[in-house]
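Presented below is the structure to which this report refers.
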2 protein chains.
Amino acid sequence: MEFFDKVGKAALGSRLRLMTAVVTDDAAKIYELYGVEFVPKWFPVFYTLAEEREITITEIANEIGHSQPSVSKIIQEMIGAGLIKESAKTDDKRKNNVVLTEKGILISKKIKQQLEDIDVAIEDIIAESKHNLWAALEEWEFLLEQKSLIKRVSEQKKKRESKDVKIVNYKTEYQEAFRALNVEWISKYFEMEEADYKALDNPEEYIIKKGGKILVALYENEPVGVCALIKMNNSEYDFEMAKMAVSPKAQGKSIGWLLGKAIAEKAKELGAKKIYLESNTILKPAINLYYKLGFEKVFGLETPYKRCNIQMELVLG
Amino acid sequence: MEFFDKVGKAALGSRLRLMTAVVTDDAAKIYELYGVEFVPKWFPVFYTLAEEREITITEIANEIGHSQPSVSKIIQEMIGAGLIKESAKTDDKRKNNVVLTEKGILISKKIKQQLEDIDVAIEDIIAESKHNLWAALEEWEFLLEQKSLIKRVSEQKKKRESKDVKIVNYKTEYQEAFRALNVEWISKYFEMEEADYKALDNPEEYIIKKGGKILVALYENEPVGVCALIKMNNSEYDFEMAKMAVSPKAQGKSIGWLLGKAIAEKAKELGAKKIYLESNTILKPAINLYYKLGFEKVFGLETPYKRCNIQMELVLG
DNA sequence: ATTAATTATATAATTAGTTATGCAAATGTA
DNA sequence: TACATTTGCATAACTAATTATATAATTAAT
């Protein structure tokens with residue numbers, strides 16, 4: 001199908017669907033060829049019953065990877081066709097154990113030869129093909145169970161988008177964004193405090209002129225994240241990382257990570273050995289990010305912020 | 001899925017269906033991730049329209065391998081969603097040409113990035129897997145188009161069953177079968193003639209005692225095919241192959257071919273250089289078989305049978 | 001110039017699965 | 001021991017496709 005070459009791998013689903021249709025259409029004809037009165041969709045259920053002596057509907061569903069209602073319906077059809085019957089041998093009255101009838105056992109014998117022929121026919125295709133579809137399905141089942149397609153795509157999206165994020169130095173034109181992005185999360189989770197207003201309304205005076213730095217993350221030339229490195233009056237720490245904010249609209253692009261890394265780099269350039277931060281444990285994604293960046297908990301410093309209930313430091317390598 | 005290992009390749013259809021479900025389920029989530037209001041099943045149709053400027057429903061169906069009603073419904077849904085519109089630019093009033101709307105074009109741009117991400121994600125799976133599912137699907141599409149699964153299985157069935165066919169010499173206990181199998185086809189297509197009754201009622205006297213042979217094909221120890229080698233009074237031919245009959249119930253096991261081969265072998269053992277036969281062209285499968293066995297048309301011999309309108313000979317190698 | 005066959009589409013019915021939901025039986029827990 | 005939770009199953013409603021069939025427009029054939 002030429003179509004698939006043009007579209008690319010995104011058409012994997014469509015391609016699978018077509019192949020499924022081709023194979024299952026022929027499956028029906030194969031039963032006919034062998035003169036077995038049998039509906040192909042019964043096959044997985046039937047096979048399970050031929051193997052196990054007696055088994056419940058839910059167990060069958062789990063074994064063959066169908067939903068329980070699907071098996072439930074198939075069982076009813078097969079009972080109608082006289083291939084299986086309910087077997088009362090159970091103390092748990094919710095359970096509906098089923099077994100093959102005489103007729104079912106007969107058909108299972110008939111089908112045995114058919115299965116072997118199909119097996120040989122498919123083995124032949126495998127032998128004449130370069131790429132083993134059967135083995136590929138088995139392998140992909142495993143790989144997609146390990147990490148689903150949606151997860152893989154979302155990781156790729158993040159990776160690509162974070163490439164388009166630029167971290168730049170603060171300019172006056174970003175003051176509005178610096179203020180707005182911070183006000184957004186602070187007032188959502190806490191209340192704006194005196195110290196916040198000072199720094200956000202006048203960052204050049206309160207942060208940069210005192211020897212600090214502000215970095216801005218740009219995505220498509222819009223400021224979507226900010227973070228400050230604030231000069232401290234403390235014997236142990238030269239700088240505090242603070243006022244980190246990322247627009248909710250720009251989440252999933254690793255912007256926090258990129259800002260954090262850049263701030264740490266900046267601090268190192270300025271000769272710092274360690275940087276300090278204050279936060280609150282209700283901000284779980286933020287705390288997580290700090291750990292990922294290498295911060296560790298410390299205790300005991302004084303702070304002007306009511307909302308601070310966790311203090312951390314990062315030793316610069 | 002352990003189930004598949006037990007069942008063998010016959011579960012290829014089930015395995016494909018499960019993989020299709022896994023992939024298409026995630027497809028829906030992927031559109032959501034990218035914030036595109038889009039139903040995955042629209043994708044092949046949408047993609048075709050994004051490529052071609054303007055195209056009819058049937059053309060789309062052919063291109064993407066769906067049925068026409070399927071595309072017809074999808075088109076209606078997409079018109080409802082405002083992604084495409086009918087374009088009246090056609091003289092053939094049966095046709096329903098469709099194109100993307102402004103909104104459709106916008107979404108196609110949005111989706112482009114998404115497609116690239118999926119492409120990379122799937123390429124990554126291909127890279128980390130030993131068996132390339134994408135390439136396997138492509139190859140199997142080709143192989144199954146060349147020779148369908150049903151054809152491959154039916155060939156395998158024939159091959160296996162013809163192994164279970166035994167060709168044995170005539171014994172008195174097979175007289176009834178020899179008669180019945182021949183009467184069945186002769187009276188179906190023609191009328192029984194005097195010469196038929198003689199040979200069939202008393203084969204030992206009319207065939208074997210005169211230096212001829214009869215071979216019987218047994219399947220599951222039942223006689224299901226017969227063929228005679230009859231001594232001729234002719235300077236050119238020593239033997240005639242005649243009274244070949246195969247039970248309709250045993251068709252598809254190459255019994256005719258096995259009998260023909262065995263008769264030719266027998267004739268060679270008896271020192272014949274050529275064998276002769278008479279038939280009628282309305283028996284197309286039989287004539288076909290004779291050609292396959294190496295017989296060629298000849299002309300001019302006299303025959304006691306009304307039904308004879310073709311004469312053939314096989315030069316024994 | 002009719003009539004028959006073909007083509008393009010739409011609609012209806014069917015298929016093989018899925019979720020969602022409800023009910024009864026069994027199990028766990030305070 | 002009573003009550004909440006879990007389990008097993010059936011039923012209903014939905015989904016994404018299919019085949020079968022109807023209708024209108026076009027093309028081919030007498």
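Numbers restart at 1 for each chain; the letters A, B, ... are given by sequence-line order, proteins then strands. Quick caveat: nothing in here was measured; it's all calculated off a predicted structure.
Between B:K73 and A:K73, the residue anchored nearer the 5' end of DNA chain C, judged by the nucleotide with its closest heavy atom, is B:K73. Mapping B:D25 and A:P40 onto DNA chain C via the closest heavy atom, the residue that lands nearer the 5' end is A:P40. Mapped onto DNA chain D by nearest heavy atom, B:K41 and A:S72 fall at different nucleotides, with A:S72 at the one closer to the 5' end.
The six-membered or imidazole ring of A:F38 lies near that of A:F46, with a centre-to-centre distance under 6.0 Å.
A side-chain hydrogen bond (donor to acceptor under 3.5 Å, both in side chains) check over residues 68-80 of chain A, counting only residues at least two apart or in different chains, returns the pairs A:K41-A:E77, A:W42-A:E77, A:H66-A:S70. Applying the salt bridge (Lys or Arg N to Asp or Glu O under 4.0 Å) rule to pairs touching residues 102-120 of chain B yields A:R160-B:D117, sequence neighbours excluded.
Here C:dT18 presents its C1' atom at 14 Å from CD1 of A:I64, a figure rounded to the nearest Å. The distance between atom CD1 of A:I74 and atom P of C:dA16, rounded to the nearest whole Å, is 9 Å. Counting to the nearest Å, the P atom of D:dC9 and the CD atom of A:E59 are 8 Å from each other. Here the C1' atom of nucleotide C:dT15 and the CZ atom of A:F43 are 20 Å apart, to the nearest Å. To the nearest angstrom, P of D:dC9 lies 10 Å from CD of A:E86. For B:N97 and C:dT7, the CG to C1' distance is 14 Å, given to the nearest whole Å. If you take NE2 of B:H66 and C1' of C:dA8, they are 19 Å apart, rounded to a whole angstrom. Atom pair A:M19:CE and D:dA17:P shows a separation of 17 Å (rounding to whole Å applied).
Residue-level contact check: B:T56 touches the backbone only, with heavy atoms under 4.0 Å from sugar-phosphate atoms and none from bases. When heavy atoms are screened at a 4.0 angstrom cut-off, A:T58 is found touching the sugar-phosphate backbone but no base atom.
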Inset, instruction - Mark up nucleotides 21-26 of chain D, 5' to 3', with B wherever a protein heavy atom is under 4.0 angstrom from a base atom, S wherever such an atom reaches only the sugar-phosphate, and - elsewhere. - result: ----BS

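Taking only side-chain nitrogens and oxygens, B:S67 comes nearer than 4.0 Å to OP1 or OP2 of D:dT18. At C:dA16, none of the side-chain N or O atoms of B:R17 fall inside 4.0 Å of OP1 or OP2 (strictly under the cut-off).
A:E63 and A:T48 share no side-chain donor-acceptor pair at under 3.5 Å. Side chain to side chain, B:N97 and B:T56 fail the donor-acceptor criterion of an N or O pair below 3.5 Å.
With respect to B:K9 and A:E123, a salt bridge is recorded, a charged nitrogen being found less than 4.0 Å from a carboxylate O.
Using a 30° and 60° split on the angle between ring planes, B:W185 and B:F190 fall in the perpendicular class, above 60°.
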